[in-house]
Amino acid sequence: MLPGKLAWLGLSLAASLAAGSASAQVSPTGERQEAPFTVGAGGSAFTPDFNDGVMLGVTFWADYRPGFIARHAGGLSIAGELRDLNYRRSASQTNLREDTYTAGVQYEWQRFWSVRPYGRAMGGIGTIDFPSTSTYNHDSRGIGSFSGGADFRLYQNVWLRADYEYQYWPGLFSRNLHPQGVTVGVLYDFRARRPDF
């Protein structure tokens, strides 16, 4: 499946850039090097808006804050997300699946007691597999999503993320779909610890 291959290519690229950025920076003695990346993964529970059930899946996050954004826009960063809802299908919809590949902007408010609240707006591609009596059982289209939540420090650069997301899939089956759900997962923040962000 082409979007799946693109997803793994994107994650590999993000990891390579993070490693390269960390090794290329020079820090004074006693100060840790940093890369402007946060990456993570979690488990999702979503209502796909195709049936009345709740589907389970996995989500991958990557946030990128280059220096010019950090200097001029505080908590603003570029965010990317991949999600595969592929588990806990109903008996009547054995092949139902929703995948999303989105990118956009995230704003992270100042941390309070090792908590980082955030909001994000993203757009991208959604693909869906669904039961059908004809040859039409797959579709894809441009989608939008809005989400918010908070990151909680677990230990040093390791964070717990709790996220709620609402999606908009236009014009599918003569109507619009509105999948929504929650994701809980773990992040690793390559940025050095700082008092603000």
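- Residues W159 and T38 form no side-chain contact, since every pair of their non-hydrogen atoms from C-beta on lies 4.5 Å or further apart.
- Residues passing the side-chain contact (heavy atoms from CB on, under 4.5 Å) test with V184 are L160, sequence neighbours excluded.
- You'll find the side chain of F50 stays beyond 4.5 Å of the side chain of M55, heavy atoms only.
- Summarising the geometry, atom CG belonging to L76 is positioned 9.0 Å from atom CD belonging to Q106; distances are rounded to the nearest 0.5 Å.
- Of all non-hydrogen atoms in W61 and R120, the two that sit nearest each other are CD1-NH1, 3.6 Å.
- Nearest heavy atom pair, residue L177 against residue P48, reads CD1-O, 4.5 Å.
- Between the side chain of T59 and the backbone N or O of R83, no donor-acceptor pair lies under 3.5 Å.
- Using a 4.5 Å heavy-atom threshold, the side chains of D84 and F60 count as separate.
- Cluster membership check: I78 shares its hydrophobic cluster with F190, using side-chain heavy-atom separations under 4.5 Å among Ile, Leu, Val, Met, Phe, Trp and Tyr.
- The backbone N or O of D189 lies less than 3.5 Å from a partner atom in the side chain of N157, making a donor-acceptor pair.
- Between the side chain of R88 and the backbone N or O of V54 there is at least one donor-acceptor pair closer than 3.5 Å.
- Atom CD of Q180 is separated from atom CZ of F46 by 8.5 Å, given to the nearest 0.5 angstrom.
- The closest donor-acceptor contact from the side chain of R141 to the backbone of G171 lies under 3.5 Å.
- The residues R65 and D63 are annotated as not salt-bridged, no charged nitrogen and carboxylate oxygen being separated by less than 4.0 angstrom.
- A distance of 5.0 Å separates CD of E165 from CE of M122, quoted to the nearest 0.5 Å.
- The two atoms that bring L85 and S44 nearest to each other are CD2-CB, 4.1 Å, heavy atoms only.
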Can I get a per-line list of side-chain donor-acceptor pairs under 3.5 Å for residues 142-152, giving both atom names and the distance, sequence neighbours left out?
unit_1: D151; atom_1: OD1; unit_2: R161; atom_2: NE; d: 2.7
unit_1: D151; atom_1: OD2; unit_2: R161; atom_2: NH2; d: 3.1

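- Inspection of the T127 and S140 side chains reveals no N or O donor paired with an N or O acceptor under 3.5 Å.
- A heavy-atom distance below 4.5 Å is not found between the side chains of E98 and D49.
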>> Would V105 and Y107 count as a side-chain contact (heavy atoms from CB on, under 4.5 Å) here? Give the steps.
In response: CA-CA 7 Å; V105 294; Y107 188 81; over 6 Å; no
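- Side chains of L96 and I128 form a contact here, defined as non-hydrogen atoms less than 4.5 Å apart.
- N95 places a side-chain N or O within 3.5 Å of a backbone atom of F130 that can act as its donor or acceptor partner.
- The distance from the CD1 atom of I125 to the CH2 atom of W169 is 10.5 Å, given to the nearest 0.5 Å.
- For Y166, the ring-ring contact (aromatic ring centres under 6.0 Å, His included) test picks out H178, with sequence neighbours left out.
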